[in-house]
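If you're wondering where the values come from, they're calculated on a predicted model, not measured in any experiment. Every chain is numbered from 1, with letters handed out A, B, ... down the list of sequences.
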Amino acid sequence: MTASLRLRAAVVSIVLLAVFLGAWHIATRSTGTAANMSPEYAKLMGMTATQGKSAMPGPLDIGAKLWEHLRRPFYDNGPNDKGLGIQLAYSLGRVMLGYLIAVAIAIPLGFLIGMSPLMSKALDPFIQILKPISPLAWMPLALYTIKDSSLSAIFVIFICSVWPMLINTAFGVASVRKEWINVARTLEVGNIRRAFTVILPAAAPTILTGMRISIGIAWLVIVAAEMLVGGTGIGYFVWNEWNNLSITNVIIAILLIGVVGMVLDQMLARVSRLVTFPE
Amino acid sequence: MSIFDDPFDADSRVNAGCICGQHQSPAEHEHAMLALRCEPVADSHEKRYENVVASAVLRAVFPEVTTRRAFLKTVGAATALAAVSQFFPLKTATEAFAEAGTPEKKDLKVGFIPITCATPIIMAAPLGFYSKAGLNVEVVKTAGWAVIRDKTINKEYDASHMLAPMPIAISLGLGAQPIPFTVPAIENINGQGITLAMKHKDKRNPKDWKGMKFAIPFDYSMHNYLLRYYLAEHGIDPDTDVQLRSVPPPEMVANLRADNIDGFLAPDNICQRAIYDGVGFLHVLSKEIWDGHPCCSFSASREFITTAPNSFAALTRAIVDATAYASKAENRKQIAEAIAPANYINAPVTVLEQVLTGTYADGLGGVKTDPKRVDFDPFPWQSFAVWMLTQMKRWGQIKGDVDYKSVAEQIYLATDTRKVMTDMGLTPPKDSYKSFSVMGKPFDPTKPDDYVASFKIKKAS
């Protein structure tokens, strides 16, 4: 039953994709009617103007270009033109750095907030105000104070990924079952040991959910941040191709961003399945 | 007497006229005129330096014109040159002269925005002008004017491509904290245009433009001042009758296609791209508003000059050299190909060629030719800075009194650039101020306040 369901779902997925690609191809076909202009003039004009080619590339254009990129992902033509593999590596590096700093700060702080009702009440207003700020709103401030664009990008990743982890950790820690804590207390377990052997395993699923949300947000934000500061990264690639109005390359970048985001999310989903426990 | 006259020419006359009377012969007059426009006269700069050094030596050996001539007459120029180099190491002297102090810092980063205005800054990398000056320069593409400003202030870049009014705005602390910046060289003159959406094909009179939306690249830009000037001359108040929006150049074409704006005043490669994609047509070239207006500049902070004066001088030399090369029409095709790849401007070669060679499609079915559509001239006229200050004052960006002259002189380094150009064997203009006219209205740099007061449409202050 489940096997046949999976099979049927796959068939539907493929049909949907084929319909989408077909419609896309038909919609972006060139009309073929050359506009009425002198050949001398036509030579100076683009395909859009001369052959009625749609400004939107078709799936075949994208496929050809994607193949070209995948064939040599690590070329380096100087500081402003690098292969997609290198650009993705730059972006992932920034995300990882900002994200790890956020993990290092959010989880201990979350523990503190979750275990101490006093700190929880005291820090609550700050968290509530800082949490909804769009991470990119920090960008000008970061550039101005940090005075370094790549550090600013990392800072923005840090600031956007810290809140979901902090809140989830605090919530997970605070909602550990009272009975378990009481048992630990009866057995006279020390504070540190209690935190590591009772609370951490109990709160781990919630903490990992927070981490999963965070990595998603971090990956969303890096593209925008790199478009702003430029230099390297997949966001810069999108901006550079947008500069040339090359929608083909922009769509390819969008696809790759989606794929990488999915891989990151699935990795954390795996980890979180490891720490879940049946109640 | 021109610095280019050949000291080995025995037949050159002491007194003979040219049209302007300042030169010894019509040929020399022509020569000096070319040099004034910074078109390189000798084939290469090594050759040029050699001439400068050789003539200096010969003059030192025979200070008397008559003796020098007699000597040359008897032995001939080639022998004279050989004789002089016997006891004076001309080659070494030329090299020492060309190097002029080792740069304190060899690896430099220079930021640029991907538009044709930055041509000299960009092409100096692929065509080797930086390495010729003994520098290892990385030209870094940057996302926008505000970012290039911040990165240069933060010293991530040693020098940058900036809009000509930006160093003035930064030094005065408009839209940023005041930091002394300088302009050792102007990049391009002309090379911008007003592009309108295709649907305005029949609305060619600016008087009908009330309520339209226009895009400009940045508030502190020549584009802003020229568009405002153009509109105001046609009786449209740019602050109340139309909407002006600051939009990054690449997004202008997309916005024009999406019908978000009605037109823009932007660098020519953006205008040409809109035409190339069939979404707009060229209304006027900025050349028709003010022929010879500056647009972008090469800019560095005062601090960079004081901490690394030799690097700065080498950089200026490379830029002046590249600008001279770019000003020659026959080099333009090669330049278009050099700067088109994704590492630099990232645009179709046809588009850049149309901008740089001046043979272009106007978007309405015609092919036009104007070789001076964009031109390159490095000399930072201080009168340009004064004009920009008058417009900043006119449109309320500067409040209160301005000491036009001292601001212009501190930022536009005409004196230093003149020295660099002279050392390179070019003949820079003697004055730092010149008057010009914008849309037929003359501008006198000595009377900026009267000029501001003379406009009917301006921001009420």
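- K43(A) touches chain B through its backbone: at least one of N, CA, C or O sits under 4.5 Å from a heavy atom, while the side chain does not.
- The 12-atom threshold is not exceeded at CD of E303(B), counting heavy atoms of other residues, nucleotides or ligands nearer than 6.0 Å.
- Interface with chain A: from residues 338-355 of chain B, residues A342(B), N343(B), N346(B), A347(B), P348(B), T350(B), Q354(B) qualify, criterion being any non-hydrogen pair under 4.5 Å.
- Counting heavy-atom pairs under 4.5 Å between each of G366(B), G363(B), A146(B), A143(B) and chain A puts A143(B) at the top.
- Using a 4.5 Å heavy-atom cut-off against chain B, the contacting residues of residues 144-160 of chain A are Y144(A), K147(A), D148(A), S149(A).
- With respect to chain A, the highest number of heavy-atom pairs below 4.5 Å among P248(B), G278(B), A361(B) belongs to A361(B).
- Heavy-atom distances place both the backbone and the side chain of W242(A) under 4.5 Å from chain B.
- Identified by a heavy-atom distance below 4.5 Å to chain A, the contributing residues of residues 106-131 of chain B are F112(B), P114(B), in residue-number order.
- Minimum interatomic distance between M45(A) and I275(B) (heavy atoms only, all atoms of both residues): CE-O, 2.8 Å.
- Contact annotation: the side chain of L228(A) never approaches that of V147(B) to less than 4.5 Å [non-hydrogen atoms, C-beta and beyond].
- In this structure, CH2 on W239(A) lies 6.0 Å from NZ on K141(B), to the nearest 0.5 angstrom.
- Taking CG from L143(A) and NZ from K151(B), the interatomic distance works out to 8.0 Å, rounded to the nearest 0.5 Å.
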Original post:
Run the side-chain contact (heavy atoms from CB on, under 4.5 Å) check on V140(B) and N80(A) step by step: do they pass?
Top reply: CA-CA 6 Å; V140(B) 187; N80(A) 308 310; 4.0 Å; yes
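- Remark: the backbone N or O of V367(B) is not paired with any side-chain donor or acceptor of Y41(A) at under 3.5 angstrom.
- Looking at I148(B), neither its backbone nor its side chain comes within 4.5 Å of chain A, counting heavy atoms on both sides.
- By a heavy-atom distance cut of under 4.5 Å, not one residue of residues 258-272 of chain B is near chain A.
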